Every structure is written in C-alpha cells, then in structure tokens.
Amino acid sequence: MTVEPNAAAPGAAPAPSDFIRDIVAQHVAEKRYPKIVTRFPPEPNGYLHLGHAKAICINFGIARENGGTCNLRMDDTNPAKEEIEYVDAIIDDVKWLISGWADHQLGFKRKGAAPAAQTVDGKADYYLAAVPAEAGEPNLEPFFASHYFDQLHDYAVELIKRGRAYVCDLSPKDTDEYRGAPDRPGKDSPFRHRTVAENLDLFARMRAGEYLDAARSLRAKIDMASPNMWLRDPLLYRIRHTAHHQTGDKWCIYPLYDYAHCLSDYLEGVSHSLCSLEFTDHRPLYDWILEALGLARPLPHQYEFSKLRPTYVLVSKRRLIQLVNEHAVDGWDDPRMPTLRGLRRRGVPASAVRRFAIGAGVTKFISTTDLAVFEHAIREELNPVAQRRLAVLRPIKLVLTNLPAGEKFECTATNDPQSETPTTRPIQLTREIFIESDDFAEVPPPKYFRLKPGGEVRLKYACIIKCDEVVKDAAGHVTELRCTADLTTRAGGPNVDRKVKGTIHWVSATESIPAEVRLYDRLFLVPEPGLDDNFLQHINPHSLETVTARLEPSLASATSEQRFQFERLGYFSLDSKDASPGRLVFNRTISLKDTWAKAPGKP
RNA sequence: UGCCCGAUGGUGUAAUGGUAGCACAAACGACUCUGACUCGUUUUGUCUAGGUUCGAGUCCUAGUCGGGCAGCCA
C-alpha cells in the first residue's frame, strides 16, 4: 500500500504497514465506507498510560493516513466505576500525545449532541457525525457512549420485537450456572421463550424502575450451546439504581459493553473498530448484534491487535493504582510513572512516545518490548532539539592556581551542535570551579581518561588543565583539587589544537547557581514486574535520587517547555509542578548512553 | 476433555511461493573539545514432524509450546 509521508515529523520513520492497514487499504480501494473513521474509546476510570499510547497511535495513525477521523469516545456504560474527573485528564492526555501529528483527525461532537434520526434508503436510522476538534468551535466535547442511551434503548426494543432478545429473571448466580463452561454447553433459561409482548412489557418496567438491581436482565437470544461463551445469550442490559455522571438519575438500566460498543461505533459511522486481543472472542457478538438489527448504513468491523508491553514497566490500571495508593510513587503524574502525565512531566516529548508506540508494530503476537527501545526513542527525539548546557550534579571544588581570583575568562559554548547553523553563548571561567566528582579518580581504573593526579584533561569550551595537588580532609576525603590552567589551549590560543584524551564539563564556582535536580531511573529492577503479585518488592530503591547541583547561570531563566542536554550527563527539563520563579527544580528525562559506565575492568 | 488466537536472532518487527532484511540490544573499531552523536565491522533466527512444489518462513496436515474465553467489568 502507499501511504503519505509523515509530513508532521520530518525524518521520522515512514508510515507503517501492517495487517490492519492492509485491510483498511483494501476497503478504501473498494469504497466500502464513505470515510475511514476509527475511534479511541477509553473508560473514564483511570489515567492513560504507555499501553494506551499504542492504541491511540494506531487509531489516529490510520485515520491520518486515510484522510479520516478518529473519535475520542468515553466508554462510560458502568456508572459504578467511572468518574467525571478522569474525562478531562483523558482529553488533555490525548491532545498532548497527538499534538503536531494528528490534531486534524481528532473527532469531537457538539456539546450535548446525540445521534439524530434520519432515513437512509427508506430505512429509519440514527447517526452522529464528528466535528473536527480543531475547527475552533467553542462548544465541543468528546463522544460519550452514555449520550446514546436513548438510541441504544430503542435498538433494544427493536431486538425484542424481532424476537432476538428477551427479559430473563435468573439471578446472577443462576445465570452463571446456566451458562455452562468452556468445555460444557449451557442450558436455556426458563424465561427464554417469553412472548414479544411480555418481553416488551417487562423491559419497559425494568426501565421504569419496578425491579431491584440484578432482579432481571435483557439478554440476546443466541445459542446456549455455542462453543463461544460470549454467544451463550449474553446480557445486554442490567438493572442498576445508580446515578451516572453524564445522565444523572434518568436511567436505572445500563447497557453492557458488548451491546453498547458495537452500536456506538455504528452510530458514529466508525468503519474500523480496532482493539486489543482479549476482545477477539467478542467479535462474533459484535457482528451478531449489528446484523440482528438490519441497519441501514455499512457496518463497522472489529480488528484486534496485541498490546504494547514494555519491560521494566507496569501497564495495568489496577497495579498502577496500587503504586499510587501505597505511596511507592508520588501520584499519577510522578515522573517515574508510565502514565502519559508522568512521562510528560518527566520531559519525554510526545513525539518520542509516538515513535516508540508506532515502532513497536501491529501484530497479534503477544510480545514484550525492551524498554531500551523507548529510551532510544527519547534520545533520538531530544538529541536534535535539546539546548546544550553545562551542569555539575555532584560538585567537587577545583582551584586553578595560576588564575587570579576575581578575574573571568570568557569562553564560547555551543548551544545546538546538531544544528546546521549553531548558535553560541558566553560562559565564564574563573579561578575556582566545580567539576563532577566522577570525573576525578585518585586511583584511576585502566583506560580512565578523566582527571587524575598529575594528569591532564580539557575543560569543555575552555582549556587544558593539569592536576598538581589533591587536598583531603582529616577523614581522607578529597575536598579540593589544585590544578594549573594552560591558557594557550583556549579557543584562539596558539595551542588550541593540542589533544588530550579526556574532556570534562565544569561550572564556575562563583558564577554558577544551585538547583535541585531529580535523577530518575527505572522504577523496577526486574524486566517483568507484573509477573509477581508482590511486585512492590521489585521497586528500584534508586529510582529517584535528588541532588543539589550547580548550573551555569543561563539556566536560571529556563521554562518547563524547554529541553536541555546537560553535556555528558543527559536530558533535563524544568519540573512543571514544583519549580517556581524562586526555585529551580530539574528532572532528568533520560541519561546519555554511557558506554564507560559498563566498561570492563572498571570498579 | 470445548472454542478462538498466535509462534522468524537476546528483544521487537519485515519478507504476501523466488537471495531471510531492518531496528533495539550486545561486541569490536573509526571519529570526537560530550566515553554522547555519527560512521564502519561482527555475533545470533524461520517451534517440531510430515506433505504440496522446480522452489516453503510463507500453502496443507498433525503435533508442541504460549495466550485468551465460564463478570449483571471494559
């Protein structure tokens, strides 16, 4: 198939091809649908995470490649579990993830709009078209399954009239028993053969609130002996005397997922309903309901793909809640969380999440993707755009004994070495500076080419220095290094081209500013923490280390939108929550690759 | 002892009956005022057994292994 190049992300991988896209391409060629419409249907009962990112990228990606729309729909058919608080967070996270990539595809609807009655080829029909969220109309909102409760009810009545659904009085327990087991057929409910009139009456009374919760249910009349459990007269409606966050107390009967989902897709004109593998067994039911109704427009179809499961990460709503509740992390937006909010706060660009989610591919094979692939994607996105700065995380004082106190030697540092037209900024070299404590070793391991007693190293953007003396305290800890600067090796100096093996970063002791820097690492020590019910014991005790660092002064005016590379250390950005004008707090998004850290022979 | 889905290097993914490729990871090397980036080289793969075919990762049969399904959750 041919796909449009990814215009919004130059240099990114070409639009992918996979078994679902092949099907869509075929349908486009056949003109099976007037338009390609997909949907992303989260249940508003939790925050979106890395696993959802894949579903978002597939659904929006396919809409994007085919000039279609992807509707954001709240799958809110269970008032007991869902809360309005999550709706806004979901909208915000989706917009963030697709920003600059598929903004045009985001389908919303007018506030309060419900499917409208229309006639198609002489048949009565309901339809609710998307309005592009980008159109700038003020009163737009996402789709809600709950906004279709009237139409869904009408369709249920129609199923009863067609003899395809009946009201069942079996208790939940008896319903389970009658259902049988995977290797054992079920048996018909004693209420299966009620007349249409009786079913209509009972269903109306269910709706009118005459019965207690779970006293009766509406069931599809399919086949209690089907080898597919979902075809054994599945429930369509249950009685729940519970208020709903969208419809208030208008309803005391609520549709179940299988009934609501396929019809919601249909009402919105969805062409391809893409979901994860565990719904494969539901597909025959999805098709059965739509076919039983004799609908007017082309029917949507469901296709399933395997979820994204990164290593070293939990992608289970229940377990993420546990992390938050047991204070293993500091809330849903903790930068160590795989939630979109957490990733965003950590400084991960949406483009990196997309690169990862899209790169994982679309298959039906249950796989785990190495977290290193994600980390690589983050570095790939950040490297070309991050402004370079100098910062020292764990400072150790270094005195350049041949430089006069109080004097500043201006050096020129490059902001964006990856740019074709790099820009620069001045930084000041002074008699007293800080270097990274890792960059000095009194007893250096083999192949150590940082600073050591009697050794030479280049101060990045400045000059070569030689270590003359190591000053220690009574306990034997190094407190200060005394070195000589060779100013002839500065830029413009006669010996600027002199080579030494090592180059290290530094900041002026007098010009630099202090800042809190949070060094984040993987939350778990084992690749598949979810395998263990007692997963909390695998938490990485060093997943967060907070240090007081020294930064070059230009960082004082940083904003949380900016991305920085602290040279030789990693990518950092201002914490959007805890930083304030008087307080600098930086998060490490991801470290630079460090081949030296794992060099053999290194202690 | 039911039905459904799947299986390609360490990991993920491509090859649509015709040279098993790409990415990540790993190892080595070049370059380097970031032990980064970039570049080069290398290691490692079609679950098993039959069959169809000039030719099979691909098609067929059987098996093995893994996953899903018995919520009035989604």
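In the text below, chain A, chain B and the rest are named by the order of the sequence lines, each starting its count at 1. These values consider heavy atoms only, across backbone and side chains, with no hydrogens, waters or symmetry-generated copies. Keep in mind it's a predicted model, so treat the numbers as computed, not measured.
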From [atom1] of [X] over to [atom2] of [N], roughly how many Å is that when rounded to an integer?
{"X": "R232(A)", "N": "G2(B)", "atom1": "CZ", "atom2": "P", "result": "13 Å"}
{"X": "K81(A)", "N": "G71(B)", "atom1": "NZ", "atom2": "P", "result": "13 Å"}
{"X": "R389(A)", "N": "A36(B)", "atom1": "CZ", "atom2": "C1'", "result": "17 Å"}
{"X": "R309(A)", "N": "G6(B)", "atom1": "CZ", "atom2": "P", "result": "17 Å"}
{"X": "L236(A)", "N": "C72(B)", "atom1": "CG", "atom2": "P", "result": "12 Å"}
{"X": "L285(A)", "N": "G71(B)", "atom1": "CG", "atom2": "P", "result": "15 Å"}
{"X": "K307(A)", "N": "G68(B)", "atom1": "NZ", "atom2": "C1'", "result": "11 Å"}

Look up atom CG in N383(A) and atom CD in Q418(A), then write down how far apart they are to the nearest 0.5 Å. 4.0 Å

In whole Å, what separates the [atom1] atom of [N] from that of [M]?
{"N": "A62(B)", "M": "C69(B)", "atom1": "C1'", "result": "25 Å"}
{"N": "A30(B)", "M": "G57(B)", "atom1": "C1'", "result": "37 Å"}
{"N": "U43(B)", "M": "C47(B)", "atom1": "C1'", "result": "22 Å"}
{"N": "G71(B)", "M": "G18(B)", "atom1": "P", "result": "46 Å"}
{"N": "G9(B)", "M": "A14(B)", "atom1": "C1'", "result": "14 Å"}
{"N": "A74(B)", "M": "U34(B)", "atom1": "C1'", "result": "48 Å"}
{"N": "G2(B)", "M": "G45(B)", "atom1": "P", "result": "36 Å"}

Which of G68(B), C33(B), A36(B) is nearest the side chain of E278(A)? It is G68(B)

With the side chain of D183(A) defined as its heavy atoms from C-beta on, choose the nearest nucleotide among C73(B), U1(B), G68(B). U1(B)

For S189(A) against C168(A), the heavy-atom pair lying closest together: OG-SG, 3.2 Å

Which atom of T339(A) lies closest to which atom of Y47(A), heavy atoms considered: CG2-CB, 4.3 Å

Would you classify [X] as touching base, sugar-phosphate or nothing, given that sugar-phosphate means primed atoms plus P, OP1 and OP2, and contacts are heavy atoms under 4.0 Å?
{"X": "D176(A)", "answer": "sugar-phosphate"}
{"X": "L592(A)", "answer": "base"}
{"X": "F449(A)", "answer": "base"}
{"X": "A377(A)", "answer": "nothing"}
{"X": "Q565(A)", "answer": "base"}
{"X": "Y237(A)", "answer": "nothing"}
{"X": "L277(A)", "answer": "nothing"}
{"X": "T414(A)", "answer": "nothing"}
{"X": "P41(A)", "answer": "nothing"}
{"X": "E43(A)", "answer": "sugar-phosphate"}
{"X": "R240(A)", "answer": "base"}
{"X": "Y178(A)", "answer": "nothing"}
{"X": "L231(A)", "answer": "nothing"}
{"X": "R450(A)", "answer": "base"}

Mind telling me whether G71(B) is syn or anti, cutoff 90° either side of 0? syn

With Y461(A) as reference, evaluate T424(A), T503(A), I427(A), L429(A) under the side chain to side chain contact (heavy atoms under 4.5 Å, CB included) test and give the passing residue. I427(A)

Using OP1 and OP2 only, check whether a side-chain N or O of [X] sits under 4.0 Å from [N].
{"X": "R179(A)", "N": "G71(B)", "answer": "yes"}
{"X": "T77(A)", "N": "C73(B)", "answer": "no"}
{"X": "R388(A)", "N": "A36(B)", "answer": "no"}
{"X": "R379(A)", "N": "U34(B)", "answer": "no"}
{"X": "K593(A)", "N": "U34(B)", "answer": "no"}
{"X": "R568(A)", "N": "G35(B)", "answer": "yes"}

Within residues 494-508 of chain A, find the residues that approach RNA chain B with a heavy atom at under 4.0 Å, and present them sorted by residue number. K499(A), T503(A)

Pairing donors with acceptors under 3.5 angstrom, does anything connect the side chains of [X] and [Y]?
{"X": "T488(A)", "Y": "D486(A)", "answer": "yes"}
{"X": "N78(A)", "Y": "R240(A)", "answer": "no"}
{"X": "T489(A)", "Y": "N495(A)", "answer": "no"}
{"X": "Q302(A)", "Y": "E304(A)", "answer": "yes"}

Determine, using ring centers only, whether [Y] and [X] are less than 6.0 Å apart.
{"X": "F356(A)", "Y": "F374(A)", "answer": "yes"}
{"X": "Y254(A)", "Y": "Y237(A)", "answer": "no"}
{"X": "F586(A)", "Y": "F566(A)", "answer": "yes"}

Donor-acceptor pair, R39(A) side chain versus E268(A) backbone, under 3.5 Å? no

Is the base of G35(B) stacked against the aromatic ring of W596(A), taking ring centres under 5.5 Å apart and planes under 30° as the test? yes

Listed partners of Y166(A) passing ring-ring contact (aromatic ring centres under 6.0 Å, His included), at least two apart: none

Listed by chain and number, what are the salt bridge (Lys or Arg N to Asp or Glu O under 4.0 Å) partners of D174(A), not counting sequence neighbours? none

Starting from the 5' end of RNA chain B, give me the residue, T595(A) or A215(A), whose nearest nucleotide shows up first. T595(A)

Hey, which sits more toward the 5' end of RNA chain B by its nearest nucleotide, N383(A) or R458(A)? R458(A)

With sugar-phosphate taken as primed atoms, P, OP1 and OP2 and all else as base, the protein-contact string of nucleotides 13-24 of chain B at under 4.0 Å (heavy atoms; B, S, -) is SS-B-------S

Using a strict threshold of under 4.0 Å (side-chain N to carboxylate O), is an ion pair present between R490(A) and E410(A)? no

Does the base of U1(B) carry an N or O that pairs as donor and acceptor with the side chain of R184(A) under 3.5 Å? no

Strand RNA chain B as a dot-bracket string - pairs counted if Watson-Crick or G-U with both distances under 3.5 Å, | where the partner lies in another strand: .((((((..((((....[..)))).(((((.......)))))....(((((..]....))))))))))).....

Any pair with a residue in residues 213-227 of chain A that passes salt bridge (Lys or Arg N to Asp or Glu O under 4.0 Å), sequence neighbours left out, goes on the list, sorted by first then second residue, please. D169(A)-R216(A)

